[in-house]
Amino acid sequence: MDAERRARLEATTRYEPSEVEGRILERWLEGGYFHPPSEGTAADNFSIAIPPPNVTSALHMGHALNGTIQDALIRLNRMRGRNSLWVLGTDHASIAVHALLEKELRAEGTSRYELGREAFIERAWAWREKYGSQIVEQLKRLGASCDYERERFTLDEGYVRAVYRVFVRLYEKGYIYRDNYMVNWDVGSRSVISDLEVENREVTDTLYSIAYSIEDSDEVLTVATVRPETMLADTAVAVNPTDQRYKALIGRHCVLPLVGRRLPIVADEHVDPEFGTGALKVTPGHDPNDLEIGRAHGLEEVVVIGEDGRMTAEAGERFTGLTVAEAHEAIVTALREEGRIRAEEPFTHSVPFSHRSGERIEPLISLQWFCRMDELAAPAIEVVDRDRVRITPEQHKRVYLEWMRNIRPWCISRQLWWGHRLPVWYCDACEETYVAESAPERCGACGGELRQDDDVLDTWFSSALWPFATLGWPDEDAPLLDAYYPTDVLVTARDILFLWVARMVMMGIEFTGDVPFDDVYITSIIQAPDGRRMSKSLGTGIDPRQEIDMHGADAVRFGLLAMSSTQDVRYSAAKIQQGGDLANKLWNASRLILLNASTEALEGQAAGGVVPGPRPVRAEDRWILSRLQGAIEAVTRNLDSYDFAHAALELYRFFWSELCDWYLEIVKPRLYDGDPEVAATLRWILEQTLALAHPMVPFVTEEIYTYLRAAAGAEGPHMLVVHPFPEVDGALLDEAAERQVEASIELTRSVRRWRDLVGVAPGSVLPARVADEDGEPPHELVARLARLAFDAAEGEALASFGQVEILPSEEVDATQVRRRIAERRETLRGEVERAERKLSNQGFVSSAPAEVVEAEREKLTTYRAELEELEG
RNA sequence: GGGCGCGUAGCUCAGUGGGAGAGCGCUCGCUUCACACGCGAGAGGUCGCUGGUUCGAAACCAGCCGCGCCCACCA
């Protein structure tokens with residue numbers, strides 16, 4: 001290590017992430033470590049397709065967690081020597097872009113309709129050029145090792161080809177079709193949205209009871225509704241066939257108030273006789289349930305609410321052009337004037353709202369494109385059922401299967417402009433329809449002009465192709481696809497399990513003949529610290545970018561991993577802090593080692609790594625090497641099984657509580673003495689620990705690694721990012737050393753506790769002796785760590801801890817000691833009694849496993865011995 | 001209406017059958033030559049409630065209470 005570097009290391013007592021991270025990121029990018037070759041097979045290689053963030057989005061906590069997890073997995077596998085590809089890209093996010101641009105247009109006093117389709121799309125592309133990459137830059141700051149050289153976009157040229165190929169094939173198979181059917185109309189975005197984008201909210205409305213006259217009678221039939229405005233589209237009244245009250249009326253007619261339409265009275269089992277009056281107004285045009293009744297009885301389907309959210313001409317002259325809310329008022333007033341309202345009462349029920357625009361959904365019948373799902377779902381059910389695709393945590397598997405087994409047709413057309421325009425052309429002259437990957441010239445039947453469908457596809461239609469479309473499908477020559485498909489794992493939150501994950505499984509199987517990924521890992525959803533949802537509008541959001549600015553990317557990454565769980569979690573600032581503390585401690589422990597551990601005497605013996613192998617000499621060396629193996633085993637197992645919290649905390653525990661608290665303290669004298677063997681061991685452990693930690697905290701470990709390499713005189717550009725990931729070396733496991741050193745640690749703790757209790761000065765060294773010289777524990781280290789001097793031979797012991805006896809001196813207050821001994825005696829008596837009781841229980845002795853009983857006997861023996869000692 | 005999950009130390013959470021754990025916070029003591037983002041010691045839990053299974057239950061079973069979330073076309 002050169003003098004300048006050494007001086008910097010010496011002077012920097014505190015790790016400064018902001019000073020380090022940009023520099024390290026540059027080196028990773030320049031080194032091309034994130035850009036693997038398209039070689040090898042998917043079985044040997046490792047790949048993840050990132051859930052493409054919307055072009056409109058800024059990095060939020062969900063991305064941060066999700067990105068950290070994926071990055072940890074990618075880095076782990078890259079270090080294992082596998083070609084590891086993390087496919088990056090963004091989603092065109094049709095509705096989100098519309099919302100954003102239309103807001104801008106409104107501010108400018110115009111609208112997309114005034115602007116026109118072409119100009120609007122141009123504007124959207126301009127927007128994407130300008131802002132679309134911000135999320136990508138933010139992912140870099142997190143340390144995400146995506147392949148930034150292969151970034152994709154769901155509207156790029158190749159991707160569009162994939163989307164059109166899929167549409168045409170599904171059309172040819174008869175899965176995609178056009179139909180008049182009940183859809184969720186979002187007045188806010190003036191488009192259809194899918195069932196999955198509808199959110200039901202509890203709302204209290206007024207339930208009106210309205211009297212419909214019965215034809216040729218003075219009687220009335222009273223129906224109940226919360227939406228009187230839809231009565232204009234009523235085409236029947238239904239009663240339950242078993243309802244005695246109405247049996248005689250079935251087949252007769254009512255007269256629709258305000259309109260005068262004759263409504264047949266039909267019998268249908270959907271009607272609950274218990275609800276309201278037991279008579280249901282049937283509005284097939286505006287209620288999904290009523291549509292089913294209507295189709296069963298061949299009823300007319302009238303639509304009175306238009307796509308602009310206003311009443312159509314069908315609603316009658318009086319109401320045409322009114323908004324739904326205005327029509328509601330006008331109709332109630334009119335009914336009241338006619339004396340038709342029999343009751344009004346508050347009624348709480350769930351009402352559909354658009355997840356996108358927040359507006360109340362208008363169910364209406366509309367001509368749209370649909371995709372039939374049952375055939376696609378069947379194999380996608382099968383692969384999850386048989387665990388060909390494993391879902392973790394597994395409780396989500398059942399939810400997935402349940403949803404898939406009840407899957408319904410998917411409305412895929414949207415009345416928007418930004419997106420994949422439907423590859424469908426119509427001939428107005430002869431009403432032919434053409435579905436093709438590229439535009440046909442003219443109508444094949446009559447030679448007429450063709451007109452392309454105005455609608456675009458649901459954004460999720462293109463997202464469903466993500467894992468294979470990003471790898472080059474449908475090109476004949478797609479080397480990335482060969483090398484990296486199927487991907488290994490998909491990491492996402494559960495809110496898009498159906499919207500996205502399920503559809504990828506279906507499309508993947510349909511178009512590639514293989515599943516898109518082997519594993520699905522469902523992450524926690526991070527809530528605000530108070531347990532509420534993190535949201536901008538509630539003001540509960542915490543911005544990961546700010547957290548990175550303040551604490552560093554490693555701190556945020558560690559914190560998020562430590563927080564992650566099989567269920568939703570509250571954001572924990574303390575865990576982020578813990579990550580920051582860890583980075584700082586890693587830095588400082590490394591300073592201790594690198595500034596003091598000279599292996600010059602052993603130089604030239606490095607094999608493979610940048611430092612010579614470990615040189616265990618004493619029990620503590622064998623102990624820490626053995627403990628390191630345990631940590632490697634646990635961290636690796638936890639990462640591989642998607643238990644990130646335990647991986648992070650195990651790393652922290654090993655490094656902090658074993659390596660720093662004990663081993664470094666124990667070996668300091670040897671280190672300062674320039675012992676080359678302990679220096680070699682320390683450097684080797686440091687290298688292993690850095691590599692073990694790297695997938696979780698890449699920046700600080702990479703930074704320290706540059707110093708480690710410099711200290712070892714290593715040359716070249718080799719970086720930790722591609723360092724072999726540590727593997728358990730069975731030869732380094734040493735149970736005897738573990739037992740021995742742990743005994744010394746326990747002994748040290750006991751002495752320290754006693755010192756604290758009896759109030760001796762922290763710095764004072766107490767006279768002590770070893771009762772039995774044959775005792776195995778290395779009392780030398782206890783002496784130093786507990787500040788004892790084993791040089792006094794004579795005198796009566798004040799206290800004893802196993803073989804170690806503490807002798808009287810002016811530092812110790814004898815009264816305190818007596819009190820302490822009395823307390824300890826009480827504790828021991830309790831313990832002895834507890835153990836005796838347990839062992840005298842015949843049930844326990846005969847039924848419990850032998851080792852449990854044996855352990856209990858040993859405890860009893862130990863306690864009795866100590867008690868005798870104190871009493872003797 | 002169905003489904004999933006949660007209730008453990010002041011806070012956030014681990015802990016799936018053998019003596020209650022971590023981080024933060026709190027108390028006491030330390031300018032111990034890597035780190036005060038530090039070091040040492042400590043206090044603090046009838047493991048939601050009630051029954052059951054078991055030699056033994058925080059853990060398994062049943063019921064109850066409280067709290068989330070998802071799915072669902074009862075006006």
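Within 4.0 Å (heavy atoms only), A/Trp656 reaches sugar-phosphate atoms of the nucleic acid but no base atom. In this structure, A/Leu280 reaches the bases: a heavy-atom distance under 4.0 Å links it to at least one base atom across the strands shown. Among the protein residues, A/Val282 comes within range of no part of the nucleic acid, since none of its heavy atoms lies under 4.0 Å from any strand. Within 4.0 Å of A/Asp290, counting heavy atoms only, lies no atom of the nucleic acid at all. Within the nucleic acid shown, A/His270 has no heavy atom closer than 4.0 Å to any nucleic acid atom. Using a 4.0 Å heavy-atom cutoff across all strands shown, A/Glu402 reaches no nucleic acid atom at all. Residue A/Arg227 is out of contact with every strand shown, counting any heavy-atom pair closer than 4.0 Å. A/Lys838 comes within 4.0 angstrom of the backbone, heavy atoms only, and of no base. Counting non-hydrogen atoms under 4.0 angstrom, A/Ser846 reaches nothing in the nucleic acid. Within the 4.0 angstrom heavy-atom criterion, base atoms lie near A/Asn584.
The A/Phe498 side chain lies nearest to B/C70 when the options are B/G23, B/C35, B/C70. Of the listed nucleotides (B/G23, B/C4, B/C55), B/G23 has the atom at the smallest distance from the side chain of A/Gln578. Of the candidates B/C39, B/C73, B/C55, the closest approach to any side-chain atom of A/Asp661 belongs to B/C39. With distances taken from any side-chain atom of A/Lys575 to the nucleotides B/U12, B/C35, B/G5, the minimum falls on B/U12. Residue A/Asp756 has its side chain nearest to B/A41 when only B/C4, B/A72, B/A41 are considered. Considering only the side chain of A/Arg787, B/U32 comes nearest among B/C35, B/G42, B/U32. The side chain of A/Ala848 approaches B/G18 more closely than any other nucleotide in the set B/G18, B/U12, B/C73. Taking only side-chain atoms of A/Arg398, from C-beta outward, the nucleotide of B/C35, B/G3, B/A72 with the closest atom is B/G3. Checked against B/C35, B/C69, B/G5, the side chain of A/Glu665 finds its nearest nucleotide in B/C35. If you check B/C35, B/A72, B/G5 against the side chain of A/Arg408, the one that comes closest is B/A72.
Applying the 4.0 Å criterion to OP1 and OP2 of B/G5, one finds that A/Thr566 has every side-chain N and O outside that range. Under 4.0 angstrom from either OP1 or OP2 of B/G29 there lies no side-chain N or O belonging to A/Arg752. Proximity of A/Lys397 to the phosphate of B/G3: no side-chain N or O atom is located under 4.0 Å from OP1 or OP2. Distances shorter than 4.0 Å separate none of the side-chain N or O atoms of A/Arg755 from OP1 or OP2 on B/G40. Side-chain nitrogen and oxygen atoms of A/Arg570 include at least one within less than 4.0 Å of the OP1 or OP2 phosphate oxygen of B/U12.
Atom C1' of nucleotide B/G1 and atom CG of A/Asp272 are separated by 12 Å, given to the nearest angstrom. Rounded to whole angstrom, the span from the CD atom of A/Glu202 across to the P atom of B/C71 amounts to 14 Å. When the P atom of B/A14 is taken as reference, atom CE of A/Met563 falls 13 Å away, rounded to whole Å. Here the P atom of nucleotide B/C39 and the CG atom of A/Leu785 are 14 Å apart, to the nearest Å. In this structure, CG of A/Asp495 is placed 20 Å from P of B/C4, rounded to the nearest angstrom. Distance A/Asp568 CG to B/G68 P: 13 Å, rounded to the nearest Å. In this entry the distance linking CG of A/Leu196 with P of B/C71 reads 8 Å, nearest Å. One can place CG of A/Leu757 at 17 Å from P of B/G40, the figure rounded to the nearest angstrom.
Defined by atom type and a distance below 3.5 Å, a donor-acceptor pair is missing between the side-chain atoms of A/Lys397 and A/Thr392. If you check the side chains of A/Lys838 and A/Ser840, you find no donor sitting under 3.5 Å from an acceptor. Side-chain atoms of A/Tyr246 and A/Asn240 form no donor-acceptor pair, as typed in the model, at a separation below 3.5 Å.
Remark: aromatic rings of A/His328 and A/Tyr208 are close, center separation under 6.0 Å. You'll find the ring centres of A/Phe353 and A/His355 outside the 6.0 Å limit.
Comparing B/G63 with B/C71, their P atoms sit 26 Å apart, to the nearest whole Å. Using C1' as the reference atom, B/A57 and B/G18 are 10 Å apart when rounded to the nearest Å. For B/C35 and B/C47, the P atoms lie 44 Å apart once the distance is rounded to whole Å. Comparing the C1' positions of B/U54 and B/G17 gives a spacing of 9 Å, expressed to the nearest Å. Across the P atoms, B/A59 and B/U50 are found 12 Å apart, a figure rounded to whole Å. When the P atom is compared between B/G23 and B/C39, the two are found 11 Å apart, to the nearest whole Å. Remark: the separation of the P atoms in B/U31 and B/A58 is 44 Å, to the nearest Å. Comparing B/U16 with B/C6, their P atoms are spaced 12 Å from each other, to the whole Å.
With a 6.0 Å cutoff to the six-membered ring centre and a 45° limit on the axis angle, A/Arg503 counts as a cation-pi contact of A/Trp410.
With a 3.5 Å ceiling on both atom-pair distances, the Watson-Crick or G-U wobble partner of B/G66 is B/C6. Base pairing of B/U54: no nucleotide in any strand meets the Watson-Crick or G-U wobble criterion (both distances under 3.5 Å). Pairing for B/G42 goes to B/C26, judged as Watson-Crick or G-U wobble with the two contacts each under 3.5 Å. Judged by Watson-Crick or G-U wobble contacts below 3.5 Å, the nucleotide B/U32 has no partner. Across all strands shown, B/G1 forms a Watson-Crick or G-U wobble pair, both distances under 3.5 Å, with B/C71.
Nearest heavy-atom pair, A/Ala224 versus A/Leu207, reported as atom, atom and distance to 0.1 Å: CB-CD1, 4.0 Å.
With the nearest nucleotide of RNA chain B identified for both A/Val198 and A/Pro273, A/Val198 has the one nearer the 5' end. Comparing A/Leu207 and A/Leu592 along RNA chain B, the residue whose closest nucleotide (by nearest heavy atom) sits nearer the 5' end is A/Leu592.
A salt bridge between A/Asp205 and A/Arg360 is present, with a side-chain N of the basic residue lying under 4.0 Å from a carboxylate O of the acidic one.
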Exercise for the section: Decide ring pair (Phe, Tyr, Trp, His ring centres under 6.0 Å) for A/Phe644 and A/His646; before the verdict, give the C-alpha distance in whole Å, the side-chain angles of both, and the deciding distance to 0.1 Å. Expected result: CA-CA 5 Å; A/Phe644 301 101; A/His646 285 103; over 10 Å; no

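Looking at heavy atoms from C-beta onward, A/Arg494 lies in side-chain contact with A/His396 at the 4.5 angstrom threshold.
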